[in-house]
Structure formats: C-alpha cells, structure tokens
2 protein chains.
Amino acid sequence: MVTIYDISKLAEVSPMTVSRVINQSGKVSEATRAKVEKAIEELNYIPNASARYLTAKKSKILSLIITDINNPFFTKVARGAEDKAKQLGYRLMLCNSDEDIHKESDYINMLISTGVDGVLITPSEDKSKKNLRTLTKYKIPFILLDRKVEGIASDEIHGDSQEGTRKVLQHLIELGHEKIAIINGPLDVSTARERQDTYIETLQTHGLPVKDDLIFQSHYKNKNKDEVFSKLLSLDKDEWPTAIFAANNIIAINTIKELRKRSIRVPEDISVVCFDDLDPAYDLDPFLTVVSQPAYQFGYTGIQMLIDRVEKNAPSEFRKIVLPSELIVRRSSASI
Amino acid sequence: MVTIYDISKLAEVSPMTVSRVINQSGKVSEATRAKVEKAIEELNYIPNASARYLTAKKSKILSLIITDINNPFFTKVARGAEDKAKQLGYRLMLCNSDEDIHKESDYINMLISTGVDGVLITPSEDKSKKNLRTLTKYKIPFILLDRKVEGIASDEIHGDSQEGTRKVLQHLIELGHEKIAIINGPLDVSTARERQDTYIETLQTHGLPVKDDLIFQSHYKNKNKDEVFSKLLSLDKDEWPTAIFAANNIIAINTIKELRKRSIRVPEDISVVCFDDLDPAYDLDPFLTVVSQPAYQFGYTGIQMLIDRVEKNAPSEFRKIVLPSELIVRRSSASI
DNA sequence: GATATTTATGTTACCGATAACATTAAAGTA
DNA sequence: TACTTTAATGTTATCGGTAACATAAATATC
C-alpha cells in the first residue's frame, strides 16, 4: 500500500506538505507542488479513506436504502441518486432492505460504522422509527424518501398518494365502475395508509359504498398472494369487484397473474390499475394503467436535499418536497 | 460518537479488554465480559470501521460493479450477490459503471480508498484491463463476472455465450429462417465477440451464407439505435433478414420498438430473439424468445468465489465457472 | 539596517481500534 | 513451601492521515 510517507520520501518533503498538496490547503510553492504531484503520479498513490475519516469525520459517502431492488421504481430512484451524488463529488452506497426491518437495522449499523455523511432512506415501515432514531443519535442526517414514519420529523421527498389515488379511482369511476376493490400494501407503511384513506374518501365523495370485504391487505413485494386470493374468490358473484386498484406495480402484476390463472380476463372481466410504472421495456406492449411517479427525480432531488443538509446549506426547518404523479391510461382498464 | 474508551470508563476496564469482548479474542472472565456488554448495550456503541480498518487491513466490505442498473439481468445479479454477502457476514457496495470506462475507473479508485476486501466486476470493456491492474497492484482480489478481459487472468464466472448463441440460432434455423441478422454489442466486450464468432460459425455449420451487411454493431445500453436502423432499412427488399438475433435484452427491446415504429410486425414480418431474460413481470405477457442466463446465481456464486479468494480458501490457480443458459421459446419467434 | 510580517515547510499529537508485549493474580506442580 | 504455568487484565506503539502549533527563510515596513 502506498502512503503519504512513501510520497514524502520520494519527493523529499514532509508528509504534511504532501497532505497540503492533496487537499489544496495551506501554502505550497509551485516547485514543491510539482515534485509532490510527480511522486503521486509515479507511485500511483490513492489516499486511504479510513485514515482520513478518522481525523476529518467526513467520509463523502452517502447511502441510499431502498426496499426492493427488483422493483423498477426503485431502480430508477437509484439511478437518479447515483447521478446526483457523483455530480456533487459524493459516493453512494446502495442498500436493499427488502422491506425487512431487521435487514434495515443491520444496514444502518453498518452505515454508522462506515461513517456515512448522510442517508436517503425509504423506511420499511413505521417500526423503522427505532432505526432512524439511531441515525439521529449518531448525528447522521437523513431524508425520508417515498414514505413517512409516524413520530419522525425530517426532510421528506415523496409522491402525492392522495392525488394519485384520486386520479386513478376517478378514471375507474368514469369508466362506470362502482365495485372497486383495493389490494393494498401493509398498513404500517405510510403510503398504504394514505392510499387506503383516499380510496375510502374518494368512493364516498362519489356516493359509492365502501365495503370492507373489498379491502385487502397484501404486501408490497411478493407475499401472501394466496390469502388475498382465497378471500377474493370466496366472495359471492354479485359482490365481485369490476375493478381492482393495486397499491403498487408488483401487487398489480401478481394480481393479474393470479386472475389469469383462474381464467379471469383483464380488462374484459375485471379492470386492474395501480401505483408506479413498470420497467421501460414494457412500452413494447403497454398494458397496465398506472399512476406514474417521477422515480428518477425522487433519487436525484433526494440526494440534493441530503447534500444540502450534510453541508449545512439547508434551512433549519425540515423541507418537504411532494412530486406530482401522472395517470397513464393503458389497456388494463376498460369501461364496464 | 461513542468509542471504546467510553465503554472502558463505564465498565471500569481497559480499552483493550473492551476490544477483546467485541472481537471475542483473548481471555476475558465471565464477570468482565458481562460488565462490558452491559456498557456497550447501554451506550449503544457501534465500532468505528475506519479505525478498525487502519490496523486490521480488513474491511469486510466487498463490491459489485455492474454496467447497467436498469437492466433486470444485473438487478438479479445484484440480488444474488447481496444475499450471499450478507449470509457470510460481508457488506456489499453496489456500483454502476454504466458501461463507461471512466466511471469504472473512478469507482475502482474509490473502492481502493475505502479498502474493500474484494471486487466482483463486470468489466465495461477490454480497456478495463488498466483498472483491473490497479486492483492487482493494491492486492485486491477480483472475480470477473459475465465478461472476460483480454490479457487478464483471474477467477471468472460467466454464461456460455457459445452454447446459448448456438441454441437460439438453431431454433431460428429450425423455424426455417435463412437470413438471420445479428445486432451485437460493441466488439471490445468479450460476450459480443463470442456471440458474433458463434453466430458466424453456426450459420456456416448449417450451410447458410454469412453476410457482412446483416451484422450490426450496437451498444448494450441505449445507444446508436438510429445508425443501426438506417443501415438496416437501406437494405434491398430481398436482402432483408427474416429474423434478428439481438445480443442482449435491451437491444432486443429497442429493436422491436424501432421495427414497430415502422409498422414492421414481430414475429409476422420478422422474428426477434435475444440473450438474457427480462423482468419477471413480463411473465404477464411472455413475448420475447430468449436465451436465459441464471442471473441470480451469477451474483450468488460470484460472491462465494470472491470470499473464498479473500479468505484464501481458494486454490491458487484461477477458477472458471461457466453457468448453463436455457432457451425459452415465446411468441417473438415464428416459422417463416 | 532592524524589526515586523508573510510564506513555505516541518514537528507533534491525535482520531479509534488493536497487535504485541508486560504485568499481576490465581492455579498447578514438584 | 517455592516455583512454574496459565488466566486475566493492562500498557505502549502503530495504522495513515491531518489539525494545530513551531520554525526558518523571504519579503515588507519604518
């Protein structure tokens, strides 16, 4: 390993002078600067981040914690985050909590241990509060992305669940649907709560009945489909929904798959709509009607906010950025 | 920040004893161990990774460098890598080189600076050699994933480009296609070279002519589509291919999109097949005929190999693992 | 020309953890 | 009982940088 001492020997100066050259701090004559730079080049010196961190307490590393790396929504978030971080001279550690509070906890400890300067996080659920408190304790700023957490005040960037839900439900109602089911994420995630509340509210506004047995609790990833479907299938014929609002893209995909398995056609027999768009490759055969959120911008702007906070350029009160969502009507929703 | 000294004061022992408790090294009496653990718990102590690294030269961090975080193939690789790393007590830094040699270079410097124990890398192209040499210079072991690099000997894990290409071309030939084009990745990527060589070889084996103007150079991500298409469209009617072999999934998707833009139907007018499967959500409407590679296992086994190397459990000669690919016939390929 | 100021460089101590060696107390052995 | 061994704990030095202070040489000021 090449160190600052190797450079100092080769350039015949003190290690401190080398440090000054590297950091462009203090006064260094042109002649010595040249000598040192030559030595650095020659030995292929790369500064040791750990040693630096130990004195400086700044790592120039940020982290993005997402809950599902296989969801194209989060992939786009990651891409935006990465671009912004790179642009402003930070490195990004990408962590995938998998909607699992324990994995999230492990990652947070790891990040503290590593000494990241800040964290952009999609908390897995309300219990994430404990993990976020740990960050606070270690004075590591964080921005909540996509989801809020009860009892945690912080900078936030997220979509407008209410507006989005309203748009997509109005779309269904305009198509003539009156029996609309919701297959939701877990209620200890803020977006799921908001979507459900707005679902109920919107139905009521339009004078439609809200039926408990058309409200299903599922999971934002790939779980307990069976339970939801056995409940759904046990409904009387005349109670069957004519449309399903899935709280995210993964749920929607799973729902359509399960329906088809049972020879129920979408959209002929039942319409399906959801939050969040799919992989761009889907443009090939645009099928699913969605409320799309600007995922890339979530990441891009989120990191910007985080860096503002890290570098203390942010106002002392917390900022909340709400990004608009857009209804994209495709073939999975049809009039009744 | 809580340090080992804070713990040592609270527990009334020396810092060294605290260190022993944390690392379960040396002898510590049950009574002191309990005292120390209580203090650690109480103060919520998290060891400082930088300080540790400085003496131990072991970070327990690995890195995975991929070339396209928006490609579901790599997302699955990442997932497999993450699972294995976590399972064996390592952390994973995910980097996205974006098929860009300079970004790759920056990331490698950053990883050296951070002191990662090893790197699982999909090199962006043959020029990556320089970057890989830097790793070698810093004695950081790496495993080549998916792609080889000329002049670099190392552990490798990749798919069988030849077998896969052969399978998918035979499939087309069996369907009666004789004019088969290839839209390839850049030839300074090993997989592209192998696919092209095998393309030529397979056509010849089957007594089919190999025509230069049916061989197109594109990019594994989202570039120079236009150039390829203007060339393709300038072909005489009777020279037109009846099938296109795209060297990866992204190229295939772009190809189909461009064809459709020009009202050319797939598969009625032209069949399209490719390497690598798409996002699992595509199962909804399985369209593209592909040669699928076990992406998850690329990551999973790749990290296993890397850790073997890092912990010096690997044989001194380099290992090459070749994973089989599988032809999945769907609707995008039809008989002529 | 003597003193004050600025510029360029060096020295020392420290960040938090641990390896290597040192010390003390307890247990085992002749 | 005296002496060796082992167990339990402590002390010191070090990893690679840098902040803070120190010093020497060059330049400016009166």
Side-chain angles (χ1 to χ4, degrees), chain A residues 1-37 39-40 43-61 109-117 138-140, chain B residues 1-37 39-40 43-61 109-117 138-140:
Chain A
M1 155 149 280
V2 182
T3 77
I4 211 173
Y5 296 91
D6 301 317
I7 306 298
S8 81
K9 254 177 242 158
L10 186 61
E12 298 174 306
V13 295
S14 75
M16 195 57 221
T17 301
V18 178
S19 173
R20 285 189 185 104
V21 171
I22 294 166
N23 297 288
Q24 313 192 58
S25 62
K27 323 243 172 203
V28 182
S29 75
E30 250 333 298
T32 30
R33 153 162 287 118
K35 263 199 304 183
V36 170
E37 274 167 355
I40 286 175
L43 299 184
N44 229 301
Y45 166 74
I46 298 173
N48 180 318
S50 291
R52 269 189 170 165
Y53 178 72
L54 222 45
T55 38
K57 301 283 178 248
K58 285 274 160 279
S59 63
K60 283 266 177 183
I61 301 181
N109 278 1
M110 176 280 251
L111 294 173
I112 292 171
S113 175
T114 306
V116 294
D117 291 344
Y138 275 83
K139 296 200 177 30
I140 297 175
Chain B
M1 156 149 279
V2 183
T3 76
I4 211 173
Y5 297 91
D6 301 318
I7 306 298
S8 82
K9 254 177 242 158
L10 186 60
E12 298 175 303
V13 295
S14 77
M16 195 57 221
T17 301
V18 178
S19 173
R20 285 187 184 106
V21 171
I22 294 165
N23 297 288
Q24 312 193 58
S25 62
K27 323 242 171 203
V28 182
S29 75
E30 248 335 296
T32 29
R33 154 161 285 119
K35 262 198 304 183
V36 171
E37 274 166 356
I40 287 175
L43 297 185
N44 228 300
Y45 167 75
I46 298 173
N48 180 318
S50 293
R52 268 190 171 166
Y53 178 72
L54 222 46
T55 38
K57 300 285 178 247
K58 285 275 159 278
S59 63
K60 283 268 177 181
I61 301 180
N109 279 0
M110 179 277 253
L111 294 174
I112 292 171
S113 177
T114 306
V116 295
D117 291 344
Y138 275 82
K139 297 198 177 28
I140 298 176

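Heavy-atom basis, side chains included; hydrogens, waters and symmetry copies ignored. Each chain gets a letter, A, B and so on, in the order its sequence line appears, and its residues count up from 1.
- Annotation: side-chain hydrogen bond (donor to acceptor under 3.5 Å, both in side chains) contacts involving residues 43-52 of chain A, sequence neighbours excluded, are absent.
- Look at NZ on B:Lys58: it is 15 Å from C1' on C:dT18, rounded to the nearest Å.
- A:Leu43 is listed as a side-chain neighbour of A:Leu10, based on a closest heavy-atom distance under 4.5 Å.
- Scanning all heavy atoms of the two residues, the minimum distance from B:Asp117 to B:Lys60 falls at OD2-N, 2.7 Å.
- Taking all atoms of both residues into account, the shortest heavy-atom contact from A:Pro15 to A:Ser8 is N-CB, 3.6 Å.
- Distance CG (B:Asp6) to C1' (C:dC15): 13 Å, rounded to an integer number of Å.
- Among the protein residues, B:Tyr53 comes within range of no part of the nucleic acid, since none of its heavy atoms lies under 4.0 Å from any strand.
- Put simply, A:Arg52 has no side-chain N or O that comes within less than 4.0 Å of OP1 or OP2 on D:dG16.
- Terminal axes of the helix from C:dG1-D:dC30 to C:dA30-D:dT1 (five pairs each, C1' rotation axis) are separated by 50°, to the nearest 10°.
- Atom CG of A:Leu111 and atom OG1 of A:Thr114 lie 6.0 Å apart (nearest 0.5 Å).
- Annotation: of the two residues near DNA chain D, A:Ser25 and A:Met1, the 5′-most nearest-nucleotide partner is A:Met1.
- Within the structure, side-chain hydrogen bond (donor to acceptor under 3.5 Å, both in side chains) pairs that include any residue of residues 20-29 of chain A comprise A:Ser19-A:Asn23, A:Ser29-A:Thr32 (at least two apart or interchain).
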Please tabulate, one pair per line, each protein N/O and nucleotide N/O from nucleotides 7-9 of chain C that are separated by under 3.5 Å, including the distance.
{"residue": "C:dT7", "atom": "OP2", "partner": "A:Lys27", "partner atom": "NZ", "Å": "3.4"}
{"residue": "C:dT9", "atom": "OP1", "partner": "A:Ser29", "partner atom": "OG", "Å": "3.4"}
{"residue": "C:dT9", "atom": "OP1", "partner": "A:Thr32", "partner atom": "OG1", "Å": "3.3"}
{"residue": "C:dT9", "atom": "OP2", "partner": "A:Ser29", "partner atom": "N", "Å": "2.9"}
{"residue": "C:dT9", "atom": "OP2", "partner": "A:Ser29", "partner atom": "OG", "Å": "3.3"}
{"residue": "C:dT9", "atom": "OP2", "partner": "A:Thr32", "partner atom": "OG1", "Å": "2.8"}

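- Taking every heavy atom of both residues into account, A:Ser113 and B:Pro47 meet most closely at OG-O, 3.0 Å.
- The side chain of A:Thr55 places no N or O atom within less than 4.0 Å of a non-bridging phosphate oxygen (OP1 or OP2) of C:dC14.
- Between A:Arg33 and A:Val28, the shortest heavy-atom contact is N-CG1, 3.8 Å.
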Can you give me the N/O atom pairs linking the protein to nucleotides 25-28 of chain C at distances under 3.5 Å, or say none if there are none?
none

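- Using a 4.5 Å heavy-atom cutoff, the side chains of A:Val2 and B:Tyr138 are in contact.
- Close to D:dG17, at under 4.0 Å from its OP1 or OP2, lies a side-chain N or O of A:Tyr45.
- Taking the side chain of B:Met16 as heavy atoms from C-beta on, and the options D:dT18, C:dG16, D:dT11, the nearest nucleotide is D:dT11.
- The phosphate of C:dC15 (OP1 or OP2) has no side-chain N or O of B:Asn48 nearer than 4.0 angstrom.
- Looking at residues two or more places apart in sequence or on another chain, you find a side chain to side chain contact (heavy atoms under 4.5 Å, CB included) between A:Ser14 and A:Met16, A:Thr17.
- The environment of A:Lys9 atom NZ is sparse: at most 12 non-hydrogen atoms of other residues, nucleotides or ligands sit within 6.0 angstrom.
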